[in-house]
Structure formats: structure tokens, C-alpha cells
2 protein chains.
Amino acid sequence: MSAQAQQSEEEWADIAPDAARRLVIAAVQAFAERGYHATTTRDIASRAGMSPAALYIHYKTKEELLYQISLVGHRLALDILERPALADGSPAERLADAVRSFVRWHAEHHTTARVVQYELDALSPEHRAEIVGMRRATDAAVRGIIEDGVRSGDFDVTDVPGTTLAVLSLCIDVARWFSTEGRRGPDEVGDSYAALALRMVGAAGA
Amino acid sequence: MSAQAQQSEEEWADIAPDAARRLVIAAVQAFAERGYHATTTRDIASRAGMSPAALYIHYKTKEELLYQISLVGHRLALDILERPALADGSPAERLADAVRSFVRWHAEHHTTARVVQYELDALSPEHRAEIVGMRRATDAAVRGIIEDGVRSGDFDVTDVPGTTLAVLSLCIDVARWFSTEGRRGPDEVGDSYAALALRMVGAAGA
DNA sequence: CGCGCGGGTGAGCGGTCGCTTAGGCTCGCG
DNA sequence: CGCGAGCCTAAGCGACCGCTCACCCGCGCG
């Protein structure tokens, strides 16, 4: 099994049965490559090694596949950001931690992240509303760290919501441009972005 | 005429005849709202107030409409960035200028910018290659300013290409999240982002 | 006046889409 | 052994897609 395929298997390990997992993995690849609307259910099924009809045994619609991907992805993103948000340590350490791991995830899983971050509008209104709620939580996690830093005097930020948005925006956009062919790997980009984020909040000595 | 419509008219003023311009404006709105693949030629034509067949009098295919939009948009983006890149003044002034006006354009014309920045993959391979070439030029413009700043000692940057990418990435992502309903207008976001960019390059006193 | 031409229409073609239906195979289990 | 549950397929339905065709209208001009 290729390293890529191995990684996909781990990422979606808790989806059963096997055929449903293969469909999700196939859908992530297809959606990331061509976008949700340009992907056909026939393409997803054939990537997963089955007939077009088999997809509908495991998922009611194509949109439900996207929802599944979006839900798991956002849950993971929220986990990644809330760990440093609730941790001990200086605001600078926690912000650096949050940005580093969030960026590393966007780089390492950039196919999944691309679907999660850029295909939101293809969700049904109900599913979309649910996901938007989770995104508010990720925003609150980062904003909390920055507020702590401002309160303690470690950060110098006048517009906290605006800076929060900018930091998150910078991280999310990694999914758009990151390529495994590029000069830097996920770890390098994560470290570099953690330093950039500290500069953006005016952390002393950054 | 609404302020929005007025702005669209100005943005595409040099496209003639009138019907072709109306089609471009309709296509930009439709592509931005639903994405290229989810937009039908019938929808574009009806927004422009004509029959589905009329579209093909002015454009050979739906993709040619996207190409037209992408080409004009990228030309404008390149203009905006190259003016401060080639101007006199300190690197800090020039970088702030470039980021401020680039961000302002992405906010003010966020519907156009969304199409220009996020529908690249829907272009034909030939058209895509041409646009990618223009994007390399925009990257070079910003990199030039940062290199000048590093050389003069005004900036403190170890990874110039990486930082260039991050600054551009931050600006481009404005098109994704900016909304006219939001708290800040294009000018406020532009000023705020210019300051953030100066911090990212470690400009003295930023 | 008649006539060509640029810009328009209604109808529709060939193809593909998301999804359904009818049926078949392969197990574990009483 | 029989038989139901779970998983899968071949075939195809109805809708809708990008795009084309045959035809029409108003206007400038010899």
C-alpha cells in the first residue's frame, strides 16, 4: 500500500464497513481533484472499485458523503485547536502550538482539508448550518488564546476578532497551495507559520 | 441602478458589445455564488436577460466566459501589485501600499476575486497555463519588494519565498471570507492587513 | 424599396447526471 | 440443508446539461 493510501486508511479508520470507508476515501480524492459538483457518483464508485449503484447502499445521496467528510474533518480540526486553547503555558506557546499543529494538519491532509474548507457551499442548508456552528467554535478557540495574550500583556493586538480571522485565514489557505512536490514539508511550514503568527500578534521577541 | 450593478458596469466597461458585457457580469455573479461547475448556461443567460442560445453568439463555450473573467481579473491584480513594486519609497511603504491595495481590491470586488482565485482548475489546460504564468508575475512583484527590504536591512526575513507566499495567501483568502455585511469595509481591512504584513516581515517599529 | 447582416429566439439533439429497481451471490445460523 | 440478511450488479428512468439549428427581426445603405 502506498504511503498516501496508508494515511487515508488511518484518517478514516473509524468508518465501517470497509466498503463505506473505501467510498469516503475515493470521494475525498475526487472532490479535492475536481470539486464536488464536477465529480460524478460513477467516478467515486469506480475509484472505490464498485458499481455506481453500490454507493447508494452506504449513503443516501452524494451530498451525504460530502457531509460525512466535512463533519469528520471539522471535528478533527476543532480537536487540534482546542487542545492548546485549553492547555497550560504562556499565550505565545499556546498560540504557536495551535498554529503549528493546525497548519501541519492542513498540509499533511491537504486533500481532505481542501474538501473540508472549500466545498462548504455544496452542503444542504441544514448540514451547512451545523458545520458553520463548528467553525464558530474553532474561531472562539483561537480568539481565546489571543485574548489571554492581550490581557497578560504578551501580545499587542488592537483588533482581536480581525487578527483571529487573519491567523485562521492564513492557516486555512495552506490547503489551497500546499503540494507534496513543494520545497517545504508539513513540519517546516508549520514551524514557519507558528513564527509568523507570533509576529502578527506582536509577541515580544518574535 | 444599484451600487453593486454600477460597480460591475465600471469593472467590465471595456467589454463590448453591451450584451457580451451583461453576460460577463451575470457569469461572475453566478460563478461566485454557486461555483463554475454548478452554474448552468441557462442561468447565466437568464440573469443577463436573454435566451440560452444568445450566449453562444458572443462566447464559444462556457469555459471561454470563465477565461475572459480570469484574464481581466488577473491583469488587474498584476497592475495593482506592480505599481508599488516598481515605485520609489522605502520597502515598508511599498509593501504596505501593495498589500493595502491588493486586499482592498479583493474585498471590494470579492465576487470577481472569488471566481478569479478559486475557479482556476475549471479552465482548459491551455488557458490555465497562461493564467498560471501571470500568477508567477504577481508573486515576483511581492517577492521583489521583500528582497529589497531584506537587502536594505529594513526587513528581517529568513525564508523570502515562503514569506512572500504567506503574505499573498493572506491577501487572497480575503476573497473567501469577506462580506459586505461584515463589521469592517474594504478600507479598514486593507489598512489592517498592511500592518499585519509589515509585522510578518519583521519591519522595524511594526 | 430591397437586401444583407448583426443580434436575437424557440425548439431540440445527444449525452450524462443522480438515483432506483429487480434480481443474484454468499455467508452465518437454526 | 434451507433461508434470511447483507452486499453487490446490470440496466435503465427521468431530468437536465452544454450546445446547435432553423428561422426571425430591425436597421443602415445602394
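Below, chain A is the first sequence line, B the second, and so on; all start at residue 1.
- At a cut-off of 3.5 Å, with distance as the only test, a side-chain donor of B/E126 or B/S124 sits close to an acceptor on the other residue.
- A/H127 meets the ring pair (Phe, Tyr, Trp, His ring centres under 6.0 Å) test with A/Y67; sequence neighbours excluded.
- The distance from atom OH of B/Y59 to atom C1' of D/dG18 is 17 Å, rounded to the nearest whole Å.
- Applying the ring pair (Phe, Tyr, Trp, His ring centres under 6.0 Å) criterion to A/H74, with sequence neighbours excluded, gives no partner residue.
- Under the side chain to side chain donor-acceptor pair (under 3.5 Å) criterion, B/R151 pairs with B/D148, not counting sequence neighbours.
- Evaluation of the ring pair (Phe, Tyr, Trp, His ring centres under 6.0 Å) rule for A/Y36 yields A/F31 as partners, not counting sequence neighbours.
- Pairs engaging residues 52-65 of chain B under the salt bridge (charged side-chain N to carboxylate O under 4.0 Å, His left out) rule: B/K60-B/E64 [sequence neighbours left out].
- If you measure from atom CG of B/D43 to atom C1' of D/dC16, you get 13 Å, rounded to the nearest angstrom.
- By the side chain to side chain contact (heavy atoms under 4.5 Å, CB included) test, B/A166 pairs with A/L170, A/Y193, A/L196, B/M200, sequence neighbours left out.
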With the sugar-phosphate defined as primed atoms, P, OP1 and OP2, and the base as all remaining atoms, what B/S/- string results for nucleotides 9-21 of chain C, 5' to 3', for protein heavy atoms under 4.0 Å? BB-B----BBBBB

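- Qualifying side chain to side chain donor-acceptor pair (under 3.5 Å) partners for A/Y59, counting only residues two or more places apart in sequence or in other chains: none.
- Neither OP1 nor OP2 of D/dG6 sits under 4.0 Å from any side-chain N or O of A/H58.
- For A/D18, the side chain to side chain donor-acceptor pair (under 3.5 Å) criterion is met by A/R21, A/R22, not counting sequence neighbours.
- In this structure, B/R34 atom CZ and D/dC17 atom C1' are separated by 13 Å, rounded to whole Å.
- Between the axis at the start and the axis at the end of the helix from C/dC1-D/dG30 to C/dG30-D/dC1 there is an angle of 10°, using five pairs per end and rounding to 10 degrees.
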For nucleotides 23-29 of chain D, read 5' to 3', which letter fits each nucleotide if B means a protein heavy atom sits under 4.0 Å from the base, S means only the sugar-phosphate is that close, and - means neither? -------

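- By the ring pair (Phe, Tyr, Trp, His ring centres under 6.0 Å) test, B/F155 is found to be paired with no residue, residues two or more places apart in sequence or in another chain being considered.
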